[in-house]
Amino acid sequence: MKIFIVTELFHPDDTTTAHLLTDIATKLSNEHDVTVICGPAGYDGQITSTPLNKNIKVVRIAVPNSDKNSLFKRLLKFITLTFGLIIRVTKLADHNSHVFMVTNPAPLLLLMPIAKRIKRFRVTLLVHDIFPENVIAAGILKPKSFIYGGLKRLFDRAYSSPNQLITIGHDMEDVLKAKVERFNKPQNFSIIQNWADPFPETTQRVNINEHKITITFAGNIGRVQGISEFLDTFEMAGTTDVDFRIYGEGAMRRQLCERIETNQLNNVSYGGRFGKSNQFDIYSACDIGLVILTSNMYGLGVPSKSYNIMQAGKPILFIGDSRSEIAQMIKSNDIGFVFENSETTELLKFLQSLSISSKPDLIAMGKRAKILAQTEYSRENQLNKYAQIFNE
């Protein structure tokens, strides 16, 4: 089968999406003719030295260099990439082809149904994000705004166009089914969760405090991550037995660092940005990995960092909707702690209860988490599910 994978990010970019798509492409290339149509290498300035499977053909779309401080240049790059991807896939794919795409860049979702009708190829969509509901969660648009209403109608129809929809969580599938059900189009739904990166043998425990409990957040420090709200509760807890470490970049980073300095939070530290190559050093040096989603993020995303925390053998402290994918996984396997965003008092008591005597229980949870990451949520197990879809 001819498979065209259309994605903004791909090898050698050192991002979660690039790693996932590279793993999928590698798996499918064992049995199919795989061509990846993607953006230029070096997204966000980080690349990996891991070699790419030679069976995979890569077609890159040339885009103008963008200045992060220039909104116009960033927008120009985004538009160029989107139209470059759709033009190239329309040119290369035919009615015998299978197009596998992800939800970034978002405008590609609106253009792909047109190309599908013209070339009559089959489309499978891997849903990592749900538009435009996620911009509501981020506070960019208001639910009752005219712009949001128009975008929702456009994207609802776009999500109903693919032949196959793959979501990375049960909660996301619920939201997506409600989004497209009114169009009554024949579609297949599958759930294939993400997986952890391979745990490098060189990883060591660094800077761990054996006399305290260390909670670590590593990832995007954005508006929907809820770090500021967690820090509110952490400050109120006033415990001297717990350290809170933060790594990453994002819109709230500067504000966060200023708060740490201004309030003289001695048990809170910011460790800077990090690459995927040293994420396990970070997780190995903590006792609990923190994952947060704001209350309006139900079904709109599944934090892939959760699987890496498990792979590192650490329990997860999840704050968000208790019905969500990660929350249900934690509770059903006893590998961490779950609190609703509104359960501030309960979270406060939990933080105050942590002490050095908690470590044995945390270690036991971490062991269960690691086993789960290496069995049910292993890369091999999840990739076999993708292979099965394309072999049917």
Side-chain angles (χ1 to χ4, degrees), residues 1-11 16-38 52-53 55-59 85 89 92-104 108-109 112-113 115-117 119-130 158-181 183-197 299 301-302 304 307 325 329 373 375-392:
M1 181 188 298
K2 286 185 179 180
I3 299 176
F4 291 89
I5 297 178
V6 186
T7 173
E8 177 184 6
L9 305 171
F10 193 69
H11 182 278
T16 297
T17 300
H19 279 265
L20 293 172
L21 270 292
T22 301
D23 284 347
I24 294 170
T26 301
K27 178 68 175 181
L28 297 180
S29 69
N30 293 331
E31 299 184 44
H32 304 285
D33 181 2
V34 175
T35 298
V36 178
I37 305 174
C38 59
L52 179 66
N53 189 315
N55 292 334
I56 302 171
K57 296 183 285 292
V58 179
V59 177
L85 291 171
V89 74
L92 296 178
D94 57 28
H95 67 280
N96 292 318
S97 303
H98 195 143
V99 174
F100 178 78
M101 64 180 294
V102 287
T103 44
N104 278 304
L108 194 64
L109 293 169
M112 190 61 76
K116 180 173 178 278
R117 285 196 297 270
K119 301 302 291 280
R120 295 183 293 115
F121 47 63
R122 182 177 176 83
V123 175
T124 291
L125 174 64
L126 171 58
V127 181
H128 283 161
D129 300 287
I130 296 182
Y159 278 100
S160 72
S161 174
N163 306 90
Q164 174 94 26
L165 290 166
I166 301 174
T167 65
I168 55 176
H170 293 81
D171 53 348
M172 185 175 283
E173 183 182 71
D174 290 342
V175 171
L176 201 58
K177 283 184 175 180
K179 190 175 178 67
V180 303
E181 62 182 358
F183 295 100
N184 296 317
K185 291 187 177 182
Q187 291 172 307
N188 293 318
F189 284 84
S190 298
I191 299 172
I192 306 179
Q193 293 92 346
N194 288 342
W195 53 91
D197 295 318
V302 180
S304 59
Y307 304 103
E325 180 72 20
M329 178 185 69
T375 53
E376 184 174 346
Y377 297 104
S378 71
R379 176 165 61 173
E380 180 181 5
N381 189 40
Q382 302 303 76
L383 288 176
N384 284 337
K385 296 177 183 178
Y386 281 100
Q388 183 177 355
I389 286 175
F390 285 91
N391 288 335
E392 290 177 349

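Positions are given from 1 along the sequence.
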Query raised in the report: Going by the angle between their ring planes, with limits at 30° and 60°, are Tyr386 and Trp195 parallel, tilted or perpendicular?
Result: perpendicular
Report summary line: Smallest heavy-atom separation, Cys38 atom then Val58 atom, equals SG-CG1, 3.8 Å
Report task. Begin from the C-alpha positions of Thr7 and Asn104 and carry the test side chain to side chain contact (heavy atoms under 4.5 Å, CB included) through to its verdict. Result -> CA-CA 7 Å; Thr7 173; Asn104 278 304; over 6 Å; no
Query - Salt bridge present between Asp94 and Lys119 (N-O < 4.0 angstrom) - result: no
Requested in this report: Measure the shortest side-chain to side-chain distance between Ile37 and Ile5 over non-hydrogen atoms and say whether it is less than 4.5 angstrom.
Outcome: no
Requested in this report: Measure from NZ or CZ of Lys177 to the centre of the six-membered ring of Phe189 and say whether it is under 6.0 Å with the direction within 45° of the ring axis.
Outcome: yes
Requested in this report: State which residue, out of Ile168, Asn194, Thr167, fulfils the side-chain contact (heavy atoms from CB on, under 4.5 Å) condition with Val302.
Outcome: Ile168
Query raised in the report: Is there side-chain contact between Asn55 and Val34, with at least one heavy-atom pair below 4.5 Å?
Result: no
Query raised in the report: Where do Ser190 and Gln164 come nearest, in terms of heavy atoms and distance?
Result: OG-NE2, 2.7 Å
Requested in this report: Show the numbers, then the answer: is there a side chain to side chain contact (heavy atoms under 4.5 Å, CB included) between Thr16 and Asp197?
Outcome: CA-CA 9 Å; Thr16 297; Asp197 295 318; 5.8 Å; no
Report task. Measure from the ring center of Phe100 to the ring center of Phe390 and say whether it is less than 6.0 Å. Result -> yes
Report task. Quick one: do Gln193 and Glu325 satisfy side chain to side chain contact (heavy atoms under 4.5 Å, CB included)? Show the steps, please. Result -> CA-CA 9 Å; Gln193 293 92 346; Glu325 180 72 20; 2.9 Å; yes
Report task. Take Lys116 and Phe121, measure what side chain to side chain contact (heavy atoms under 4.5 Å, CB included) needs, and give me the verdict at the end. Result -> CA-CA 6 Å; Lys116 180 173 178 278; Phe121 47 63; 3.9 Å; yes
Query - Separation of Glu380 CD from Asp23 CG (nearest 0.5 Å) - result: 12.0 Å
Requested in this report: Looking only at non-hydrogen atoms, find the nearest pair between Ile56 and Phe10 and report the distance.
Outcome: CG2-CZ, 4.4 Å
Query raised in the report: Would you say Ile389 and Ile192 make side-chain contact, with heavy atoms under 4.5 Å?
Result: yes
**Report entry** Minimum side-chain heavy-atom gap Asn391-Glu31 below 4.5 Å
**Finding:** yes
Query raised in the report: If you measure from CG on Leu28 to NE2 on His32, what distance do you get to the nearest 0.5 Å?
Result: 6.0 Å
Query raised in the report: So Tyr307 and Tyr377, would you call those rings parallel, tilted or perpendicular, with 30° and 60° as cut-offs?
Result: tilted
**Report entry** Separation between CG of Asn384 and CZ of Arg379, rounded to the nearest 0.5 Å
**Finding:** 12.0 Å
Requested in this report: Quick one: pull up CG in Leu165 and OG in Ser160 and give me the separation to the nearest 0.5 Å.
Outcome: 8.5 Å
Report task. Return yes if a side-chain donor-acceptor contact under 3.5 Å exists between Asn163 and His98, otherwise no. Result -> no
Query - Side-chain H-bond candidate by donor/acceptor type, Gln388 with Lys385, under 3.5 Å - result: no
Requested in this report: Hey, could you give me the OG/NZ distance between Ser29 and Lys57, rounded to the nearest 0.5 Å?
Outcome: 9.5 Å
**Report entry** CG on Asp33 to NZ on Lys2, rounded to 0.5 Å
**Finding:** 7.0 Å
Query raised in the report: If you take all heavy atoms of Val175 and Gly299, which pair is closest and at what distance?
Result: CG2-CA, 3.7 Å
Query raised in the report: Only one of Val127, Leu125, Asn188, Thr124 clears side-chain contact (heavy atoms from CB on, under 4.5 Å) with Ile166; which?
Result: Thr124
**Report entry** Which atom of Met101 lies closest to which atom of Val123, heavy atoms considered
**Finding:** SD-CG1, 4.1 Å
Query raised in the report: Is any side-chain heavy atom of Ser378 closer than 4.5 Å to a side-chain heavy atom of Gln382?
Result: no
Requested in this report: For Thr103 and His128, work out which heavy atoms get closest and say how close.
Outcome: OG1-N, 3.2 Å
